[in-house]
Each structure stands twice: as C-alpha cells, then as structure tokens.
Amino acid sequence: MDYIHDTTNFNLEEIAPQWRNVMETPHRFRSAGERSPLWKTASRKGTAMEMPPRLRPAAECSLHRKITPQKGTAITLGKFDGLHRGHQKLLDEILRLQSEGHYGIVFAIAPENQTALFTAQEKRHMLEAYGIDCLIRCPFVPEILSMEPEQFIADVLCAQLHAGWIVVGTDFRFGYKRKGDVEFLRAMQEKYGYTLQVIEKERYKDREISSTYIRETLSGADMELVRTLMGDYYPVEGTVLHGHQLGRRIGMPTINLRPEPYKLLPPPGVYYSDVMILDDTDAQDMELSADAQDVELSADAQDGSTSRAFHGITNIGYKPTVDGSFLGVETYLYGVYENLYGRKVKVQLRAFRRPEQKFGSVEELKAQMEKDIQVGREYFGVI
C-alpha cells in the first residue's frame, strides 16, 4: 500500500511502488463483496484460533494503475477513527471501484495528538490488510482548515488526486468552518467531472455505529460489543519491552508493551486476549510447548516470514502491587516461553475478566495470576 503523510503536495503520479518480496504461492485477495471481520478461522486438534489475513502486496495494488485524469481515482474521505463497520461500507465501495481499475485512496483527515481508537500504525496495517491502494493521512493544519469547500474539491481532490469517484457517508462535512457537505459535493459533480457515491450509515439495533459509540462501549469494557461494532477485536500494537521480569521469576513469564500516549484503552483490568507476533522470521526454528503447537502457523504474504497467533491473558494498568509508574499492557501467553524482547506484537482484547487490583504482597499477586491463567485456560479450551 502506498502511504503519504503530507498536507500540501499529494502528487500521486510520482509515487514509486514499494516493491516487496512476494511468496510464490498465489494469494486470495478479498473481494468487494466480502465483509469484515478480516480474520480467517483455522483450527488444529479442536482448538479454534483466529489467524490474520494475508496482506496484499503494495506493488500489486498500484503498479499497473498509473493515475491519470482520464481514468480517475476512487477516493473516500473522513476521520476513520476505529475503522468500524460503518467505515468498512465505504472501504468495500472503494474495493469495488479498484476492481474496475480505479486507484483507491483513503483520505483520512484527523487531528494530531488527540486520543484515538487506532494509532497511525494500526490504521495503516488495517487498511493494508483490507487491500486499499493508498492511505493519505492529513492532520488538521491551516492549509486544509482554511480552504473553502470548492477550493478543496478543485485544488486537492481533482487537480492533485484526479478524483473520478468520491465516496462518503451521509454526514460528511469539509472545508472552512465545515461549510461543505454531501449536497455541495453533489452540486459540484458536473463542474468537476467526478461521480459522487453516498453510503448510508451502518446500524446496530437502534443506533448508528460510530466512533463515539465505540468509545462509550470501550469505556465500559464491553469488549464483545466493541467487536460487534468494529467487526474485529480491539487491537493494541507495540514492541515488547523489558519489564521487571517479576513474572519470569515467579514462573509466569509475560510480555510488556507501552502503548502510544494517545491510544485509547479500556479500563484497567484483566482481559482475555489473542496475541499476534508480527514479522516473526524465527518462528520455524522455535521449540514451542504443547499449548503453542495447537495453534496453526500463518505465512505472511509480504515477505515470506511467519506470523504466529496465541491465546493470552492480558493486564492493562499501572501494576500497583509492583511499581505503578506507567500505564502498560502485560500479557501471559499460553505455551510460549521464548525471548520476545524487541518483537512487534498485536494484542487483541476479546473479553473483560476482572478489574485491576492492588495486592498486599507478591505472593497474593502470584496466587491471583495463577487463578486468572487457569480461568483463561477454561475460557479458551486450552489444556
């Protein structure tokens, strides 16, 4: 997937395709008719485990589609915080247009340094997995905020991005003081030569699915409903850091992440989780325990490396019994005892177990961790 983070120069014709090593095995790409979740289910020995999709190589997305004013791009615009099921309706329409030969663009306009459901990296990974050709991240800056709606259409969408199709939701607004809306976009179609596609909101029961709805649900730790609204489990990505190694000393080794400062997290507590070890080039050489061997391995279509997925039990909080100095994400992985320091991982939160607690001693903490781990085994059906 091509990626641009530039608020003033969106000359996509100068983008060089990012070549990557691609496996010889043919990949099955997601069609416009396939909806989320973006995960395929695999099982071995009766243990169900959700595995990641094969990512679509960036070179295949854009190599044979030089952008021209005659062909026109397919652009969808919005904040895209959370990439929920409502957003996925827009993305599905972009995929359909990509299948007709248009170059698909997600133009994500969002404030910087504010809490977000998805970090920039998580959003990028999600859209790449979805099969979108290009992501443009455009922060709220004066160059964009001061543009009159017609100037934005003329100078950015048409002159620079060669819009042939514009796909938006019913409540999309843009331009100076948010004066532009769907009706304005519709009125400008003939003058600027694009086609507008307006997508109705997705609803769950009697309410529109929105980032606000997900934020409210996340604040109540209802992770099952969060998954329903998003179409997937809530992710937290990061690099495994060195901690106090208390878990290792008491026989229950864990991995530690420090989330990005603006990543929105559910309330502190213990959660059932799945963990993806990303860019895992050493996976075939590792000796795994019986628990870990029950999980199928998945080849990453980007570079031939192997990503592994494991069940886990995750604590989000300040570790009040130990130090309480920063908000962290600590996970015990079932059947994994190798050194994962420095690895990139994705923790997906499946369900809430209990609130975070402060214990009177390390022995009390250990006893509770043992109980949490056992309950997690029962939850996942891990022997």
Side-chain angles (χ1 to χ4, degrees), residues 47 49 218-224 226-227 233-261 263-277 286-292 294-295 308-383:
T47 302
M49 187 66 191
L218 189 68
S219 68
D222 188 347
M223 306 313 297
E224 292 92 341
V226 169
R227 186 196 186 195
Y233 296 117
Y234 192 70
V236 182
E237 292 188 19
T239 301
V240 179
L241 305 173
H242 286 274
H244 294 282
Q245 298 189 336
L246 174 62
R248 186 173 300 277
R249 291 200 301 272
I250 62 178
M252 290 174 281
T254 59
I255 60 172
N256 290 273
L257 307 181
R258 182 177 294 191
E260 291 191 15
K263 171 70 175 183
L264 193 61
L265 294 173
V270 175
Y271 295 80
Y272 304 110
S273 61
D274 291 333
V275 178
M276 287 285 305
I277 303 174
M286 295 293 182
E287 291 187 7
L288 307 178
S289 74
D291 289 349
D294 283 347
V295 181
R308 289 177 294 160
F310 301 99
H311 297 310
I313 193 87
T314 295
N315 182 81
I316 295 177
Y318 293 90
K319 302 182 183 178
T321 306
V322 183
D323 62 5
S325 59
F326 68 91
L327 181 64
V329 177
E330 182 179 15
T331 303
Y332 173 87
L333 298 178
Y334 290 99
V336 181
Y337 305 104
E338 68 203 60
N339 183 348
L340 296 176
Y341 293 127
R343 297 286 183 85
K344 295 185 183 301
V345 303
K346 176 196 287 187
V347 177
Q348 293 190 293
L349 303 174
R350 295 175 60 121
F352 177 75
R353 161 149 169 74
R354 64 171 178 84
E356 186 176 44
Q357 297 174 247
K358 182 173 182 178
F359 298 94
S361 65
V362 172
E363 289 72 23
E364 290 181 19
L365 171 62
K366 178 181 178 181
Q368 182 61 56
M369 288 178 64
E370 289 174 342
K371 184 176 180 181
D372 291 335
I373 290 169
Q374 181 55 40
V375 172
R377 290 184 184 279
E378 296 167 4
Y379 175 88
F380 290 114
V382 176
I383 299 174

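Just so you know, residue 1 is the first one in the sequence shown, and it goes up from there.
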- [ ] Flag the pair Gln368 / Glu364 as yes when at least one side-chain heavy-atom distance between them is below 4.5 Å, and no otherwise.
- [x] no
- [ ] Compare every heavy atom of Ile255 with every heavy atom of Val345, then report the nearest pair and how far apart it is.
- [x] CG2-CD1, 4.3 Å
Task: Tyr379/Arg350 under side-chain contact (heavy atoms from CB on, under 4.5 Å): CA gap, chis, key distance, verdict - done: CA-CA 11 Å; Tyr379 175 88; Arg350 295 175 60 121; 3.8 Å; yes
Open item on the list: Using 30° and 60° as the class boundaries, would you call the ring planes of Phe380 and His311 parallel, tilted or perpendicular?
Closed with: parallel
Open item on the list: Are the side chains of Val336 and Val275 in contact, using a 4.5 Å heavy-atom criterion?
Closed with: no
TODO: Starting at CG of Leu264, measure out to CG of Leu218 and round the result to the nearest 0.5 Å.
DONE: 5.0 Å
- [ ] Using a 4.5 Å cut-off on heavy atoms from C-beta on, say whether the side chain of Asp274 contacts that of Met276.
- [x] no
TODO: Would you mind reporting whether Val329 and Arg258 have side-chain heavy atoms less than 4.5 Å apart?
DONE: no
Open item on the list: To the nearest 0.5 Å, what is the distance between CZ on Arg308 and CG on Leu333?
Closed with: 9.5 Å
TODO: Starting at CG of Leu241, measure out to CZ of Arg343 and round the result to the nearest 0.5 Å.
DONE: 14.5 Å
TODO: Might you point out which heavy atoms bring Pro266 and Tyr234 nearest each other, and give the distance in Å?
DONE: CD-CE2, 4.5 Å
Task: Considering all heavy atoms, the nearest Leu327-Pro259 contact - done: O-CD, 3.7 Å
- [ ] State the CG-NZ distance between Leu257 and Lys344, to the nearest 0.5 angstrom.
- [x] 11.0 Å
- [ ] Determine whether Ile313 and Met369 make a side-chain contact, defined as any pair of heavy atoms from C-beta on separated by less than 4.5 Å.
- [x] no
TODO: Answer yes or no: is there a side-chain heavy-atom contact under 4.5 Å between Val236 and Thr314?
DONE: no
Task: Heavy-atom pair with the smallest gap, counting every atom of Asp372 and Tyr334 - done: O-OH, 4.1 Å
Task: Pi-cation contact, Tyr332 with Lys366 (under 6.0 Å, within 45°) - done: no
TODO: Find the distance between CD (Glu237) and NZ (Lys263) and round it off to the nearest 0.5 Å.
DONE: 8.0 Å
Task: Spatial distance of atom CG (Leu265) from atom CG (Leu349) [nearest 0.5 Å] - done: 8.0 Å
Task: Exercise: identify the closest heavy-atom pair between Ala221 and Tyr271 - done: CB-OH, 3.7 Å
Open item on the list: Using every non-hydrogen atom in the two residues, find where Glu356 and Gly317 come nearest and quote the distance to one decimal.
Closed with: OE2-CA, 3.2 Å
Task: Min side-chain heavy-atom separation Met223-Tyr233 under 4.5 Å - done: no
